[in-house]
Amino acid sequence: MKLLRRRLVLGALLGTVFLGLLVGQLLESWTSSMNLRPPSPRISLRKFEWQARTPHPLDLNYPYPYPFLINHPDKCKGPKGAPFLLMLVMTQPQEVGVRQVIRETWGNETLVPNVAICRVFVLGLPQPLFAQEIQALLEEEDKEHGDILQVGFLDTYRNLTLKVLMGLEWMAQYCPTAHYVLKVDSDVFLNPSFLVHQVLHPERPTQLNFITGYIYLDSEPQRSLDDKWYMPPELYPQDKYPVYCAGPGYVLSASLAIRILAMAQRVKAIYLEDVFIGLCIQELGIKPTPAPPDAFLIIRQEYEHCAFHQLALVHHFKPQELLQLWPDFQTVNDTCPME
Ligand SMILES: *[C@@H]1O[C@H](CO)[C@@H](O)[C@H](O)[C@H]1NC(C)=O
Ligand SMILES: *[C@@H]1O[C@H](CO)[C@@H](O)[C@H](O)[C@H]1NC(C)=O
Ligand SMILES: *[C@@H]1O[C@H](CO)[C@@H](O)[C@H](O)[C@H]1NC(C)=O
């Protein structure tokens with residue numbers, strides 16, 4: 001039985017990798033055929049007029065009443081009362097295996113004793129190719145785990161801002177009594193115990209206007225067209241980004257999340273979700289709070305038992321690696337130096 005389950009998980013993982021590659025490649029060819037090249041000087045003026053009226057391919061339609069297609073209105077109202085921490089985990093529809101690994105490792109809701117954690121996976125609509133198959137898998141998976149939040153927009157990297165904002169909208173509507181919200185990507189190592197006890201401190205009053213993570217103080221838009229994070233000047237003309245917390249994982253008080261959401265109805269949305277949250281808090285006149293030193297690492301660091309017990313998050317971990325390291329991470333190791 002256990003073996004069968006392992007095999008299923010493994011199969012799903014492999015499937016994810018394969019499908020991910022396939023979809024990735026399709027997307028690649030699709031986006032590169034999109035309008036990302038500089039117009040040749042010979043293109044007629046009419047083309048520019050046309051472009052001025054047509055939305056940019058990186059433009060986001062927000063605010064917009066995207067529907068919750070798979071929803072759990074009562075997920076947050078568990079027997080343990082208002083969650084201390086709501087985890088909004090960003091995954092793509094086809095990543096069945098990734099979600100299962102997260103449930104069994106850092107996404108486990110009962111990992112931190114006496115602290116109520118509520119975890120949901122936020123995702124959009126599958127790519128048109130295989131959409132029916134993936135949708136059926138998703139519904140099956142949700143029947144078993146009841147933790148999927150599917151929102152009615154196409155799930156692409158360029159739509160990640162919509163995913164985050166709709167996650168926050170879900171919080172505002174169905175989980176307004178949470179104390180803190182974590183936005184986290186699926187390719188990270190997370191240490192929920194450190195996050196809760198050393199960053200958020202449940203014994204203290206919930207901090208207002210609180211957001212933390214890995215803080216970028218002085219970054220600039222990428223203007224080269226082949227960059228993954230290319231930012232067209234027509235969508236963001238300024239030379240600098242605001243101060244912001246890096247996308248792989250940041251945590252904020254629920255009250256600030258509500259204020260950000262209100263601001264997001266007025267600030268023009270851009271596809272880099274972390275920069276966009278930075279723009280919203282800048283408008284609110286709020287600066288991120290520094291986390292404990294080196295608690296959030298955006299550069300990969302190899303797993304080491306003691307070091308990983310003294311941090312909150314490390315970017316760039318694959319599900320297979322999480323499965324491998326998790327049993328060791330869970331063991332009590334008395335040789336670690338006390339801080
Ligand atoms: C979550 O953690 C608890 C306590 O450590 C454990 O008993 C449970 O099996 C875990 N759940 C999953 C899905 O791994
Ligand atoms: C974002 O989602 C909308 C709504 O489904 C879709 O029309 C649009 O093409 C998507 N944008 C990108 C850049 O993927
Ligand atoms: C405890 O951690 C240290 C340092 O990471 C490691 O060398 C040692 O093998 C670990 N001991 C146990 C019992 O896991």
Side-chain angles (χ1 to χ4, degrees), residues 1-2 5-6 8-9 12 23-24 26-36 54-69 78 80 85 87 89-90 92-94 96-129 131 134-135 141 144-148 150-167 169 190-193 196 228-232 234-236 268-273 276 309 319 322-332:
M1 197 55 204
K2 191 139 187 187
R5 223 173 113 253
R6 283 269 157 228
L8 276 175
V9 170
V23 170
L26 280 170
L27 260 183
E28 204 80 46
S29 57
W30 177 63
T31 40
S32 60
S33 71
M34 270 190 336
N35 215 347
L36 293 183
T54 312
H56 192 282
L58 292 178
D59 243 347
L60 293 172
N61 192 10
Y62 191 87
Y64 184 86
Y66 298 104
F68 291 110
L69 301 172
K80 285 184 287 181
L85 179 65
M87 285 184 181
V89 187
M90 306 293 137
Q92 295 193 317
Q94 73 276 9
V96 182
V98 176
R99 283 188 289 277
Q100 191 52 29
V101 169
I102 291 174
R103 287 185 192 103
E104 292 176 8
T105 57
W106 55 257
N108 185 333
E109 291 178 323
T110 58
L111 222 48
V112 187
N114 305 317
V115 173
I117 294 179
C118 173
R119 172 207 67 234
V120 292
F121 293 103
V122 191
L123 43 84
L125 296 166
Q127 303 290 331
L129 192 68
I134 294 172
Q135 190 63 33
E141 179 188 347
E144 183 169 346
H145 299 284
D147 57 2
I148 289 176
Q150 187 183 36
V151 192
F153 60 82
L154 190 62
D155 195 312
T156 62
Y157 178 68
R158 299 277 153 99
N159 266 343
L160 185 56
T161 300
L162 298 182
K163 207 187 269 194
V164 173
L165 290 172
M166 292 311 293
E169 286 197 16
L190 180 78
N191 176 351
S193 175
V196 164
K228 183 183 177 193
W229 296 293
Y230 169 65
M231 180 55 72
E234 57 274 36
L235 292 189
Y236 188 88
K268 183 177 160 45
I270 56 173
Y271 81 96
L272 299 176
E273 54 90 14
F276 180 63
H309 273 271
L322 289 176
L323 275 186
Q324 239 166 30
L325 68 82
W326 199 254
D328 178 77
F329 183 70
Q330 292 293 86
T331 58
V332 177

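Here the structure is a predicted model, which is why all the values come from computation and not from measurement. No hydrogens, no waters, no symmetry mates; every other heavy atom, side chains included, goes into these values. Atoms within a ligand are numbered from 1 in the order they appear, just like the ligands themselves.
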Is T156 close to ligand 2, meaning an N/O of one under 3.5 Å from an N/O of the other?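 For ligand 2, there is an N or O atom that lies under 3.5 Å from one belonging to T156.
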Discussion item. Does ligand 2 come near enough to Y66 that some N or O of the ligand is less than 3.5 Å from an N or O of the residue?
Written reply: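 In fact, backbone or side chain, Y66 has no N or O that close.
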| query | At what distance is the nearest protein heavy atom to atom 13 (C) of ligand 1, and which residue and atom is it? | reply |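 Residue, atom and distance for the closest contact: R103 O, 3.8 Å.
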Which residue and non-hydrogen atom of the protein lie closest to atom 5 (O) of ligand 1, and at what distance in Å?
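So the nearest neighbour among protein heavy atoms is L111 CD1, 4.3 Å.
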>> As an exercise, identify every atom of ligand 1 less than 4.0 angstrom from a heavy atom of T110.
In response: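 Selected atoms, number and element: 1 (C), 2 (O), 3 (C).
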**Prompt:** Which of the numbered atoms in ligand 1 are below 4.0 angstrom from a heavy atom of E104?
**Reply:**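 It comes down to these atoms of ligand 1: 14 (O).
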Determine whether [X] and [Y] make a side-chain contact, defined as any pair of heavy atoms from C-beta on separated by less than 4.5 Å.
X	Y	answer
F68	M166	yes
Y236	K268	no
L60	F276	no

Any donor-acceptor pair under 3.5 Å linking the side chain of N159 with the backbone of L154?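 Such a contact is found between N159 side chain and L154 backbone.
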- Message: Please report the interatomic distance CD(Q100) to CD(E141), rounded to the nearest 0.5 Å.
- Response: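 Nearest 0.5 Å value for the CD-CD distance: 7.5 Å.
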Would N108 count as a polar contact of ligand 1, with the cut-off being nitrogen or oxygen pairs under 3.5 Å?
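N108 vs ligand 1: N/O contact under 3.5 Å present.
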For R158, counting its heavy atoms only, list the atoms of ligand 2 lying under 4.0 Å from any of them.
->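 In order of numbering, the contacting atoms are 13 (C).
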For P57, take its heavy atoms, then give the atoms of ligand 2 lying under 4.0 Å from any of them.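 The atoms of ligand 2 under 4.0 Å from a heavy atom of P57 are 13 (C).
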With E169, which residues qualify under salt bridge (charged side-chain N to carboxylate O under 4.0 Å, His left out), at least two apart?
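Partners of E169 under the salt bridge (charged side-chain N to carboxylate O under 4.0 Å, His left out) test: none.
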**OP:** Assess the side chains of S193 and N191: does a donor N or O sit below 3.5 Å from an acceptor N or O?
**Re:**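 No, no side-chain donor-acceptor pair sits under 3.5 Å.
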### Message
Under 4.0 Å and counting heavy atoms only, is there anything from the protein next to atom 2 (O) of ligand 1?
### Response
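Yes; the ligand atom in question has protein heavy-atom contact below 4.0 Å.
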Would a search of protein heavy atoms around atom 7 (O) of ligand 1 find one under 4.0 Å away?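 False for atom 7 (O) of ligand 1.
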- request: Please say whether more than 12 non-hydrogen atoms of neighbouring residues, nucleotides or ligands are located less than 6.0 Å from CD in Q324.
  value: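 At most 12 heavy atoms, drawn from other residues, nucleotides or ligands, come within 6.0 Å of this atom.
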- request: Measure the distances from the heavy atoms of G124 to every atom of ligand 2 and state whether one is below 4.0 angstrom.
  value: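 Judged by the 4.0 Å heavy-atom criterion, G124 does not count as contacting ligand 2.
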Basic-acidic side-chain contact under 4.0 Å: D147, R99 |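 Not counted as a salt bridge, because no side-chain N and carboxylate O are separated by less than 4.0 Å.
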Which one of L125, L154, D59, N159 has a non-hydrogen atom at the shortest distance from atom 10 (C) of ligand 2?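 Of the listed residues, N159 has the closest heavy atom.
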